[in-house]
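Structure first, commentary second.
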Amino acid sequence: MTESRSLIEPRTLKGFRDHLPAQALARENILDIARGVYRSYGFVPIDTPALEYLEILTGKGSDETDKQLYRFQDHGGRDVGLRFDLTVPFARFCAQHIGVLGTPFKRYHMAAVWRGENTQRGRYREFMQCDFDTIGTTSPVADLEMVLVVHDLLAAIGIEAFTIRINDRRVLSGILHECGVADRSTDVLRSLDKLGKVTPAGVAAELEAHGVSADVRTKLLGMAQLAGDPATVLAALDGLVGSSETGRTGVAALRSLLDGVQQAGVPEGRVVIDPSIARGLDYYTGIVLESFLDELPTLGSICSGGRYDNLAGLYTKQALPGVGASLGIDRLLAGLEELGRLPAKETAAELFMVHFDTAHLADYLKIAAALRGAGIPVEFYPEAKRVGQQLKVAAKKGFPAALVIGSDEFAAGTAQLKHMHSQQSVTIDWHGDVHVLVDAIHSQLQAIKAGQ
RNA sequence: GUGGCUAUAGCUCAGUUGGUUAGAGCACUAGAUUGUGAUUCUAGGGGUCGCGGGUUCGAGUCCCGUUAGCCACCCCA
């Protein structure tokens with residue numbers, strides 16, 4: 001009974017993951033960028049509880065979300081559930097607090113959500129969403145801002161090849177109405193939405209199964225496959241919506257949105273009209289948006305959103321129209337990793353300071369403090385191990401530079417700054433003046449950064 | 001939730017029609033080398049063969065179950 005104690009197997013639940021430093025650093029970088037972009041448009045942060053009363057979450061009544069909901073009874077016998085997106089809690093939040101917040105209200109919310117669905121590449125049971133929404137206004141400016149935020153966000157993350165696909169629900173419902181299939185709109189849109197994954201012939205077969213006549217099938221498929229120059233697509237849509245008032249409004253909205261995008265200086269081709277985009281969620285009523293990595297279109301949308309008429313109708317009588325989108329950071333990270341775009345850094349510091357000689361510990365501590373005071377993050381190795389070993393650690397963790405100051409350097413009033421990538425060292429004369437040393441290191445690090 | 005494929009060391013993988021004590025490369029630790037990431041050499045640590053049953057004299061290998069990962073459906077970030 002001494003050594004036979006059985007160990008608990010360390011493991012995580014299906015669809016739930018640990019995040020090691022390399023991945024967690026990349027994730028935090030993106031979160032920082034998202035925070036910066038959201039704030040640059042005036043969005044403010046909020047937070048809500050992970051756990052909500054079950055009735056809040058099931059209110060929307062879709063059996064699909066009901067099936068995916070993590071639910072249980074808490075110790076007080078209350079029926080509760082984990083949030084499966086950030087929109088529903090936000091709706092509840094608005095119903096409770098909009099009185100003191102006032103409208104229009106712009107918030108961002110970055111937090112984990114949970115869905116008990118089957119896992120796949122880029123799809124997990126616990127993942128993070130980075131939502132931003134503007135509520136309490138129907139202004140087209142808010143729609144435009146949503147597109148601009150998504151664009152700025154993906155650009156700031158450093159993705160070079162991405163496409164934002166936009167559409168307007170009113171265009172779709174106008175066309176469906178003209179075609180006389182408005183009663184089957186959900187089924188029809190769901191089928192059309194599969195274009196790109198399923199062949200046009202396959203979609204046509206699905207449409208036929210929903211009782212759509214041959215000429216209407218041709219018309220719808222033609223509509224959904226419209227692509228290319230936005231002006232041409234808009235002209236084609238004009239014809240398709242015919243006399244439908246709703247449809248014409250939608251096309252006009254898309255037209256002015258694209259004008260605004262252009263006026264704001266977004267490069268051509270980044271935002272395109274894709275009439276097949278419908279979005280599964282049925283609360284969207286105006287513009288809808290999805291965005292894709294050009295090199296990995298099968299990954300799915302990494303940032304999606306749209307306009308809705310009434311966010312919180314289930315919880316308050318006050319009408320709250322809004323527009324917003326959500327960045328799926330975990331899917332994005334999975335995509336960037338697959339493309340080899342994630343930096344292999346395992347350190348948050350910029351400088352590795354070799355622990356050469358413990359007799360100089362006081363000097364090392366003084367230098368490290370001065371560097372940090374000057375805004376240079378520095379990691380000081382805790383043990384005076386062999387220099388080669390220490391440099392190996394620094395290289396493996398991806399430090400851009402290492403600072404080597406041994407007894408000789410202290411005696412001569414010098415230091416070696418080693419550029420890890422080129423393996424070259426620069427000698428710094430600092431004559432025992434820490435300010436001189438810090439300044440020199442600062443400019444060297446700038447040079448290294450610029451050189452990358 | 002349904003169906004298909006997969007699982008051997010930290011990583012990538014060998015392991016024959018079932019047959020001694022399950023191997024390699026890389027990585028890791030220590031040393032050769034008392035001040036610089038390489039190379040070379042030496043030594044070393046590390047495996048309940050995902051887990052649990054079954055068949056068999058004998059299972060990493062065959063059968064069943066289960067867990068996890070990947071893929072398709074569904075839906076979505």
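For clarity, every value in this text was computed on a predicted model and none was experimentally measured. Note on naming: letters A, B, ... go to the chains in the order of the sequence lines (proteins, then strands), and numbering restarts at 1 for each one.
Rounded to a whole Å, the CG atom of A/L417 is 16 Å from the P atom of B/G37. Distance A/W114 CH2 to B/C76 C1': 17 Å, rounded to the nearest Å. Note: CZ (A/R115) to P (B/G1) measures 17 Å, nearest angstrom. In this structure, CG of A/L293 is placed 12 Å from C1' of B/A77, rounded to the nearest angstrom.
Looking at heavy-atom distances under 4.0 Å, A/M420 makes contact with a base. When heavy atoms are screened at a 4.0 angstrom cut-off, A/C130 is found touching no nucleic acid atom at all. Base engagement by A/E117 is indicated by at least one non-hydrogen atom pair under 4.0 Å involving a base atom.
For A/Q424, the side chain to side chain contact (heavy atoms under 4.5 Å, CB included) partners are A/S422, not counting sequence neighbours. Looking at residues two or more places apart in sequence or on another chain, you find a side chain to side chain contact (heavy atoms under 4.5 Å, CB included) between A/V272 and A/T163, A/R165.
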What does the list of N/O pairs under 3.5 Å between the protein and nucleotides 69-73 of chain B look like, with a distance for each?
unit_1	atom_1	unit_2	atom_2	d
B/G69	OP1	A/G15	N	3.0
B/C71	OP2	A/R121	N	2.5
B/A72	OP2	A/Q120	OE1	3.1

Between protein and nucleotides 34-36 of chain B, what N or O pairs are separated by less than 3.5 Å?
unit_1	atom_1	unit_2	atom_2	d
B/G35	O6	A/D408	N	2.9
B/G35	O6	A/D408	OD1	3.0
B/G35	O6	A/D408	OD2	2.8
B/G35	N1	A/E409	OE1	2.8
B/G35	N1	A/E409	OE2	3.4
B/G35	N2	A/E409	OE1	3.3
B/G35	N2	A/E409	OE2	2.5
B/G35	N2	A/Q416	NE2	3.2
B/U36	O2	A/K418	NZ	3.3
B/U36	N3	A/Q416	OE1	3.2
B/U36	O4	A/Q416	OE1	2.9
B/U36	O4	A/Q416	NE2	2.3

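The local environment of OH in A/Y53 is sparse, with at most 12 non-hydrogen atoms from other residues, nucleotides or ligands closer than 6.0 Å. Shown here is A/K345, whose NZ atom has more than 12 heavy atoms of other residues, nucleotides or ligands within 6.0 Å.
In terms of phosphate contacts, A/K392 brings a side-chain nitrogen or oxygen within less than 4.0 Å of OP1 or OP2 of B/C28. Look at A/R190 and you'll find a side-chain N or O under 4.0 angstrom from OP1 or OP2 of B/C75.
With the 3.5 Å cutoff on both pairing distances, Watson-Crick and G-U pairs in RNA chain B assemble into runs of at least 3 at B:1-7 with B:67-73, B:10-13 with B:23-26, B:28-32 with B:40-44, B:50-54 with B:62-66.
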Under 3.5 Å, which donor-acceptor pairs link side chains of residues 149-162 of chain A to any protein atom two or more places apart or in another chain?
unit_1	atom_1	unit_2	atom_2	d
A/H151	NE2	A/R270	NH1	3.0
A/D152	OD2	A/Y41	OH	2.7

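Residue-to-nucleotide proximity on RNA chain B shows that, of A/S422 and A/F127, the 5′-proximal contact is made by A/S422.
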